[in-house]
There are 2 protein chains.
Amino acid sequence: MEQQPTTQLRMTGNRQVVLEVLRSTKSHPTAQDVFMSARDLQPQIGFATVYRTLDWLVQHGLAQEVYRDKDGAAHYDANVARHDHAICNRCGKILDVEAPLHALAYAIIERASGFRIDWHATEFSGLCAACADE
Amino acid sequence: MEQQPTTQLRMTGNRQVVLEVLRSTKSHPTAQDVFMSARDLQPQIGFATVYRTLDWLVQHGLAQEVYRDKDGAAHYDANVARHDHAICNRCGKILDVEAPLHALAYAIIERASGFRIDWHATEFSGLCAACADE
DNA sequence: CTCCTTGCAAATGCTTTGCATTTAT
DNA sequence: ATAAATGCAAAGCATTTGCAAGGAG
């Protein structure tokens with residue numbers, strides 16, 4: 001008999017809180033950001049748990065790591081669909097955008113390099129609307 | 001009288017060595033990689049100097065930081081032209097590619113978001129030819 | 001001579017890990 | 001009951017910084 005895959009998904013209180021924090025924002029928080037928000041709902045939570053939980057969420061397809069900033073801090077997103085980001089050089093804000101990179105591009109690059117592509121992410125940089133206005 | 005900008009460019013021995021190391025490879029080395037190669041040519045060089053020099057090269061348009069890996073380590077490239085990368089999920093190799101993202105895309109995204117784009121980089125992931133063959 | 005660069009070591013910041021305890025199923 | 005999750009503190013890396021000494025112009 002096969003083991004039910006759902007048996008593997010232990011959705012504990014901490015995990016619910018972390019996922020809830022991640023789903024309640026579009027700001028692409030770092031692990032530290034998530035930790036601080038999670039602590040408001042779950043005061044005894046430790047930061048190691050947040051790191052482990054974020055890894056777990058990524059491993060189980062409930063979140064993705066979308067960006068690493070200049071400090072090397074990873075930024076997370078509960079939106080697991082493939083999409084791209086525009087990062088403001090002044091304020092650091094991360095906007096979701098969709099780069100119109102045609103699927104044909106995969107074939108072109110694969111033929112030229114032999115690389116088998118299964119994912120891509122485009123990162124735009126410049127100034128967000130608010131910073132460009134100043 | 002204006003100060004000549006060339007006066008600012010002190011190309012010291014260390015800087016020449018670091019730039020030479022960077023220009024002699026297409027492997028997109030980390031700062032630690034550059035440090036180890038540089039030490040072969042310049043035994044007394046310290047790693048802090050390599051970090052400072054890489055920053056300096058980037059600041060002066062002689063190199064760019066192209067990628068941050070899972071460990072948060074920055075990878076550098078002496079090729080300062082805009083180009084994209086394909087990173088193998090198995091061996092970690094970084095290939096140069098050119099994503100055919102049309103300039104029109106900038107206008108579309110700028111109109112939709114108000115973001116003023118001045119750069120972009122696309123990161124592909126999957127398997128390189130060697131790893132895909134196994 | 002003066003400012004910039006360098007080497008060393010210590011400090012920093014993000015993240016991971018060991019271990020004993022608690023918790024979900 | 002049993003295997004996994006948690007909290008805490010300590011350890012790990014990549015990177016940065018303070019400072020005194022060395023080097024370029």
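Because the structure is predicted, anything quoted here is derived from the model rather than measured. Lettering follows sequence order; numbering is per chain, from 1.
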Roughly how many Å is it from [atom1] in [X] to [atom2] in [N], rounded to a whole number?
X       : N      : atom1 : atom2 : result
B:Ile45 : D:dG23 : CD1   : P     : 14 Å
B:Gln16 : C:dT5  : CD    : P     : 14 Å
B:Met11 : D:dG23 : CE    : P     : 19 Å
B:Asp69 : C:dT15 : CG    : P     : 13 Å
A:Arg15 : D:dG7  : CZ    : C1'   : 15 Å
A:Asn14 : C:dT23 : CG    : C1'   : 11 Å
B:His60 : C:dT5  : NE2   : P     : 8 Å

Notebook entry, point to check: For the helix from C:dC1-D:dG25 to C:dT25-D:dA1, what angle lies between the axis at the first five pairs and the axis at the last five pairs, to 10 degrees?
Noted result: 40°
Note to self: Could you walk me through whether A:Arg116 and A:Tyr106 satisfy the side-chain contact (heavy atoms from CB on, under 4.5 Å) test, starting with their C-alpha distance in whole Å, then the side-chain angles of each, then the deciding distance to 0.1 Å, before giving a yes or no?
What the structure shows: CA-CA 8 Å; A:Arg116 188 201 295 162; A:Tyr106 276 32; over 6 Å; no
Notebook entry, point to check: Given C:dT5, is OP1 or OP2 found less than 4.0 Å from the side-chain N or O atoms of B:Thr12?
Noted result: no
Checklist line | Phosphate OP1/OP2 of D:dT6 contacted by A:Gln44 side-chain N/O (<4.0 Å) | finding: no
Note to self: Among residues at least two apart in sequence or on other chains, which ones pass salt bridge (charged side-chain N to carboxylate O under 4.0 Å, His left out) with A:Asp84?
What the structure shows: A:Arg82
Check: Quick one: hydrophobic cluster around B:Ile94, which other residues, with the 4.5 Å side-chain cut-off, linked directly or via members?
Finding: B:Val66, B:Tyr67, B:Ile87
Notebook entry, point to check: Which one, D:dT6, C:dG7, C:dT15, comes nearest to the side chain of A:Thr53?
Noted result: D:dT6
Check: A:Gln42 or B:Ala74: which one's nearest nucleotide on DNA chain D is closer to the 5' end?
Finding: A:Gln42
Next item on the list: Calculate, to the nearest 0.5 Å, the distance between atoms CG and CZ belonging to A:Leu62 and A:Arg15 respectively.
Entry: 10.0 Å
Note to self: If I take atom CG from residue A:Leu41 and atom CG from residue A:Asn14, how far apart are they, to the nearest 0.5 angstrom?
What the structure shows: 11.0 Å
Item checked: Positions of residues 19-35 of chain B (non-hydrogen atom under 4.0 Å from DNA chain C), listed by number -> none
Notebook entry, point to check: Between the main-chain N or O of A:Val34 and the side-chain N or O of A:Ser37, is there a donor-acceptor pair closer than 3.5 Å?
Noted result: no
Note to self: Has A:Arg90 got a side-chain atom pairing as donor or acceptor with A:Leu127's backbone, closer than 3.5 angstrom?
What the structure shows: no
Notebook entry, point to check: For B:Tyr76 and B:Val58, what are the C-alpha separation, side-chain angles and deciding distance, and is it a side-chain contact (heavy atoms from CB on, under 4.5 Å)?
Noted result: CA-CA 9 Å; B:Tyr76 294 88; B:Val58 170; 4.0 Å; yes
Check: Reading nucleotides 16-22 of chain D from the 5' end, what letters show protein touch, with B for base, S for backbone sugar-phosphate only, - for no heavy atom under 4.0 Å?
Finding: BBB----
Margin query: Counting the benzene-type ring for Trp, do B:His28 and B:His85 have ring centres under 6.0 Å apart?
Written below: yes
List the atom pairs, with distances to 0.1 Å, where a side-chain N or O of residues 108-115 of chain B and a protein N or O form a donor-acceptor pair under 3.5 Å, not counting sequence neighbours.
residue	atom	partner	partner atom	Å
B:Glu110	OE2	B:Ile117	N	2.8
B:Ser113	OG	B:Ile109	O	2.7
B:Ser113	OG	B:Phe115	N	3.2

Next item on the list: State which residue, out of B:Asp55, B:Val50, B:Thr49, fulfils the side-chain contact (heavy atoms from CB on, under 4.5 Å) condition with B:Thr53.
Entry: B:Thr49
